[in-house]
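Worksheet for the structure shown next.
Being a predicted model, the structure only gives us computed values, none of them experimental. Chain identifiers are assigned alphabetically (A, B, ...) following the order of the sequence lines, protein sequences preceding nucleic acid strands; residue numbering begins at 1 within each chain.
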Protein chains: 2
Amino acid sequence: MTATQTVAQQSATDRAAAPQREPARIDVPAVADALLGRWKEERLASRKLVEDPRLQTIPGQPMPEHRERALGQLGILVEEGAIQRAFPKDLGGGDNHGGNIAAFQELVLADPSLQIKSGVQWGLFGAAILHLGTRTHHEKWLPDVMSLKLPGAFAMTEIGHGSDVASIGTTATYDPATEEFEIHTPFAGAWKEFLGNAALHGQAAVVFAQLITKGVNHGVHAFFVPIRTPDGEMLPGVGSEDDGVKGGLNGIDNGRLHFSHVRIPRENLLNRYGDVAADGTYSSAIPSPGRRFFTMIGTLVQGRVSLDGSAVKAMMAALTIAIRYGSERRQFPGPDGRETVLLDYGLHQRRLIPRIAETYAMAFASERLLTTFDEVFSGVRDDDAHREDLETLAASLKPLSTWAALDTLQEVREACGGAGFIAKNRVVGLRADLDIYVTFEGDNNVLLQLVGKRLLTDYAAQFAGGDKAALAKAAASQLGDRVSRFGLRQIGQSVADLGQVSRSVEQLRETETQRTLLTDRVQTMVAEIAGAMREATKDVPKGDKRAKATAQADAFNAQQHKLIEAARAHAELLQWEAFTEALDRFDGETLRVLTWLRDLFGLGLLEKHATWYLVHGRLSGHRVEAITAYVDRLIGRVREHALDLVDAFGLTPGMLRAEIATGIEAERQQEAADYVREQQAAGTWPIHEKQLRKQQQG
Amino acid sequence: MTATQTVAQQSATDRAAAPQREPARIDVPAVADALLGRWKEERLASRKLVEDPRLQTIPGQPMPEHRERALGQLGILVEEGAIQRAFPKDLGGGDNHGGNIAAFQELVLADPSLQIKSGVQWGLFGAAILHLGTRTHHEKWLPDVMSLKLPGAFAMTEIGHGSDVASIGTTATYDPATEEFEIHTPFAGAWKEFLGNAALHGQAAVVFAQLITKGVNHGVHAFFVPIRTPDGEMLPGVGSEDDGVKGGLNGIDNGRLHFSHVRIPRENLLNRYGDVAADGTYSSAIPSPGRRFFTMIGTLVQGRVSLDGSAVKAMMAALTIAIRYGSERRQFPGPDGRETVLLDYGLHQRRLIPRIAETYAMAFASERLLTTFDEVFSGVRDDDAHREDLETLAASLKPLSTWAALDTLQEVREACGGAGFIAKNRVVGLRADLDIYVTFEGDNNVLLQLVGKRLLTDYAAQFAGGDKAALAKAAASQLGDRVSRFGLRQIGQSVADLGQVSRSVEQLRETETQRTLLTDRVQTMVAEIAGAMREATKDVPKGDKRAKATAQADAFNAQQHKLIEAARAHAELLQWEAFTEALDRFDGETLRVLTWLRDLFGLGLLEKHATWYLVHGRLSGHRVEAITAYVDRLIGRVREHALDLVDAFGLTPGMLRAEIATGIEAERQQEAADYVREQQAAGTWPIHEKQLRKQQQG
């Protein structure tokens, strides 16, 4: 097998030779194509890089060597023209935002350290200059950023403030006498923390700080601050501490930065959204400090889009490994004396097959997110509504996919037993590296809380003006006017109708029934939370703002857990919608199997949340039992297509690099079976005492 | 703070000075004492070792150095007299089986690599010689095993066979001409795999192989096989491969061993349960080959007992870290302007507080398991029934605690944000090392399946003789006569009664209501599975053994997922019982708080399995909602005692070694608050633009 021949091609060949297989098969290349999506070319180019041994992880490499290797790998990416896509065309880039992220996502299978270090350099440091700076900044710094002549850090997070960026302690105080800003971290909590490129390689940093001029704090802004000479000497007033060993991503030199009254020219303020004149006068095109802050922070959404797709990629790799191994590995003799293939065990199927469905749903949702991102960042649809939509979609999907990646990697690790724990089978390394994906670029729970707040806002918007009739009308349409593409959905049916649609298990397979049940859950959860919060504040005396704020905060806190559950339900609905929409592209046996897979995903959600549906009277106990039975049947059907479904992920041996996914187990099984057969033929196979006793007794 | 002063003492002092705390507090030393249990002395002695820097993990240490360090650490354990407890007194041991395991469990907080490498040397290699060998073997090898002069491997698992030990491919063929066994691995699948001490340090191995003499295979037996010279040269016919880097435990030199017609003296058969005379005649005191096999394998239970308690220890460490950090760390301003402590967030409480309850339940269950283990291995209650009980209890608890440890470590990692990912905060290292605990010493799912089979056997035993009246009578007593201590429980109430007991939410707090609901679930699940299996085979023509076997296997496979769920439910019941039993030791406020904690555990189980209770008509939707509301209330109450509850784990800074658990975060918060206060006092604190706009508008 050549390095570029895909596992799909190889196993298609293997199975073409196996006459016992059912003839009806999915169209693997068509599915593979759909999964590659709109930026197929960029993805395939990036996959070539993933197959380049120079860019691949060396398991167990000590941290110092791994860090140097990762830096060298960034140089290779530059040489290969792999990182320029998102930058302006006239500066050597490609103005290709979607393609840039698509290619970036693939890199996770080379080495997540390389991926994230390149993300720090070009996706954070470079992108901050691009999106928060203006033309002068672009011309001055981007060419060196792109060529890696200027490695940099993205200094936003502080020891004391992670998710709450607005409260950071670093200050940038303007001095009109010298026309300089003074960057200062006045206490340990204000030290910048967890920054890639900070411990060793960064020569500059985009530093987020409270902009203070004329005695007024204008909130968080970004500044370009040189930190090190090209020889690695810290510049005066700048200090660095090494974060040392981490749970993964040890190819990245994360560290802390602190600044003691470091002076930078006024022009180093990245001034796209706010500027300071020579005399210290502050100006901004966005009058509201709150909106200005969120606009600046909004440019960070690409990190979330990147991680979402990377997590899906890791799930694809993990499942390809586990399904291939589970299709070959045998353990415990069956009734016919031959040992049973792992994937024929009911439990093994329950562990792995629903995750294939989940991975498909997340892959299609991820493509939708990437398209939305590209529309906004390319300027095709760059307005507040679309930006808000993009943020909601990213904040919905990134938490679920990054968590699912960890869960899937762990389940695969365990499903492969001890072999799953050995680094050369790849799974543990990916899991260790991806661990941090669930809390960086937005802590998953904080992101879901943002989504939850958006849902509450959408919900409240229905009542704006207090027109109940308008509400009823909006509710009757599939998508209310005020509700945008990725916000709260509306369904027309009343609760009573919902009871009806689920009366028959046949109906549960219908797309619209699944949609209704999933949508209703989000809608009802949000309505309940809104109701509870209204209830909790209704007795506060009018005009007592302080008491009202406290009551609101307490009520919100009491509902926090439920709000995050509602956001999760909303994200699951978005995934289900993306999967359902993708079905349009297929026909014949492929459509049939992918519809089973979509049903498995949809009904799996109903099964997972059965308590809610039971408590709310949406499903009866009998229906819930029927769902479980039907999920079992779907798993059995999909099992026959499991190898094809993972083959469609299109991952070559050079991308997987997992010994147990190479067919080695089947070879060993064959060798053992041949040995036994030869011994039996030669009459040298010993009789077992158990058998002997039976013969003697019989 | 001195290294030996516990966190408990330290924070008790801190809080004594804080007058705002409620006066009613739990008796931390009394709880700590109960958690230390029967082998308190051994645990405390082992904790001293954990505090010895020579025995502690160095994060990021490259694999080769870590392996050498771990070997050296075993030498330190020998010097400190830490490993001799389980061995015979007259050979320098202590005949103290429970104390040995208790001390071993504590070592996980030094370095899990050190722990497991010592487990390989003394708990597997040495214990196999002790339990499967006879006096001559003990005298010949145990002194050198104990002194570490003879490092060894435990060669049971093969590449081709992990959980299914009975099917291993290695053979030991007796040759009467030379009175030798020939050890042979005839194909790659028979190579011994994942063995600690195999890649580098082992000089001998206890090798499990099919014993063949006079043309008969007498099944798996254990043999003492020299493999390396003290200089590290492989002996003729023995080959070794290094497993290389793993997901964790990289201080252990795991590897493969293969044997090409390696000859060992007849006396190297560890012959406690089966022997071969000079002429090749096989003899055993246990006539049934099946029972003989399980008796030999049964001695391995101590590995499971060890891992169970180690997992609980890791949970204690993780929760101590997260609760201490979460009690200091603040993020996002509350309504009063001050930032909110993480542990005051509803979600943060939901993530961590129920895990404290789970850890207590598992700790008390673990102590019960250890006591049972000691009774059997010390000979106090060494009969078939007690051995079977011990195996059931170990197979029930080890899966749940090792999985819970991974989940808890991960939740703690995420709850500590980026800080949780930094190695110096300890959590990621423990998680990586403990990953393999869920599949070694018995894959968790395979163990739960064993428990499930035991439950089915207990269930069927009720019907032995077909006496329905006897069944009814047995069911009416709390514990049927035929049912032993850790097997299937019986409750007297009928299903109709169960509907009654849960009518009032008040009643759900009652011990007997929780017991009934938890017991009923296991009992009903097992009955349903048994019924489904009976149903599936009833149409098979009588006498068609093959068809019956196939139908049975298919039915079992279809029920496998549910059977494992039933086993899990049984294990949860055993944990709940152990927690409930432990409440007897407390009184006053301590009893009150620990009862809340037990209720949180019990009601948490009902909440987790609410779908089952709803579908089976055991709880109404209203009751399920009431349970969730009450769980929320319990979490709020327990939150006030969270620091005390983790203090009672008794872990010193030297055992935790997590920077974020040292109070450093509170210091940083103080420094930042002081800075702001000083600036405000000096009039140099800038007004925020938001505030300015309000003033201008107002």
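Not one N or O on the side chain of A:Glu671 forms a donor-acceptor pair closer than 3.5 Å with the backbone of B:Phe187.
For the atom pair CZ (A:Arg431) and CD (B:Gln410), the distance works out to 4.5 Å, reported to the nearest 0.5 Å. One distance of note links CD of A:Gln679 with OG1 of B:Thr171; it measures 8.5 Å at 0.5 Å rounding. The line from NZ of A:Lys690 to CG of B:Asn217 is 10.0 Å long, rounded to the nearest 0.5 Å. Atom CG of A:Asp435 is separated from atom CD of B:Glu414 by 7.0 Å, given to the nearest 0.5 angstrom. Separation of atoms CG (A:Leu347) and CD (B:Gln560) is listed at 4.5 Å; rounding is to 0.5 Å. Here the CD atom belonging to A:Gln449 is positioned 8.0 Å from the OH atom belonging to B:Tyr345, to the nearest 0.5 angstrom.
Remark: the B:Arg413 side chain and the A:Thr439 side chain contain an N/O donor-acceptor pair separated by less than 3.5 Å.
Scanning residues 548-557 of chain B against chain A with a 4.5 Å non-hydrogen threshold yields B:Ala549, B:Thr550, B:Ala553, B:Asn557, sorted by number.
Proximity to chain B is limited to the side chain of A:Arg546, based on heavy atoms less than 4.5 angstrom apart. Neither the backbone nor the side chain of A:Glu667 comes within contact range of chain B; no heavy atoms are under 4.5 Å apart. With a 4.5 angstrom heavy-atom cutoff, B:Glu659 touches chain A only via side-chain atoms. A:Phe440 does not touch chain B: none of its heavy atoms, backbone or side chain, sits under 4.5 Å away. Contact annotation for A:Trp403: only side-chain heavy atoms (C-beta onward) come within less than 4.5 Å of a heavy atom of chain B. With a threshold of 4.5 angstrom between heavy atoms, A:Ile212 approaches chain B through side-chain atoms but not through N, CA, C or O. In this structure, no portion of B:Ala166 lies under 4.5 Å from any heavy atom of chain A. Only the side chain of B:Leu692 comes within less than 4.5 Å of a heavy atom of chain A; its backbone N, CA, C and O stay farther away. Heavy atoms closer than 4.5 Å to chain B are found in both the backbone and the side chain of A:Ile436. Looking at A:Asp344, only its backbone comes within 4.5 Å of chain B, counting heavy atoms on both sides. Heavy-atom distances place the side chain of B:Ser167, and not its backbone, under 4.5 Å from chain A. Looking at B:Ile422, the atoms closer than 4.5 Å to chain A (heavy atoms on both sides) sit in the backbone and in the side chain alike. Using a 4.5 Å cut-off between heavy atoms, A:Glu339 contacts chain B through its side chain alone, with no backbone atom that close. Heavy-atom distances place the side chain of A:Tyr675, and not its backbone, under 4.5 Å from chain B. With a 4.5 angstrom heavy-atom cutoff, A:Ile159 touches chain B via backbone and side-chain atoms both. If you measure heavy-atom distances from A:Tyr613 to chain B, you find no contacts under 4.5 Å at all.
Closest approach of B:Ser163 to A:Gln331, counting heavy atoms only: N-OE1, 3.5 Å.
Qualifying side chain to side chain contact (heavy atoms under 4.5 Å, CB included) partners for B:Ala629, counting only residues two or more places apart in sequence or in other chains: none. Qualifying side chain to side chain contact (heavy atoms under 4.5 Å, CB included) partners for A:Val624, counting only residues two or more places apart in sequence or in other chains: A:Ala610, A:Leu614, A:Leu619, B:Thr611, B:Val615. With sequence neighbours excluded, the residues that form a side chain to side chain contact (heavy atoms under 4.5 Å, CB included) with B:Glu158 are B:Ile168, B:Thr170, B:Ala190, B:Lys192.
Using a cut-off of 4.0 Å between Lys/Arg side-chain N and Asp/Glu carboxylate O, A:Arg292 and B:Glu689 are scored as salt-bridged.
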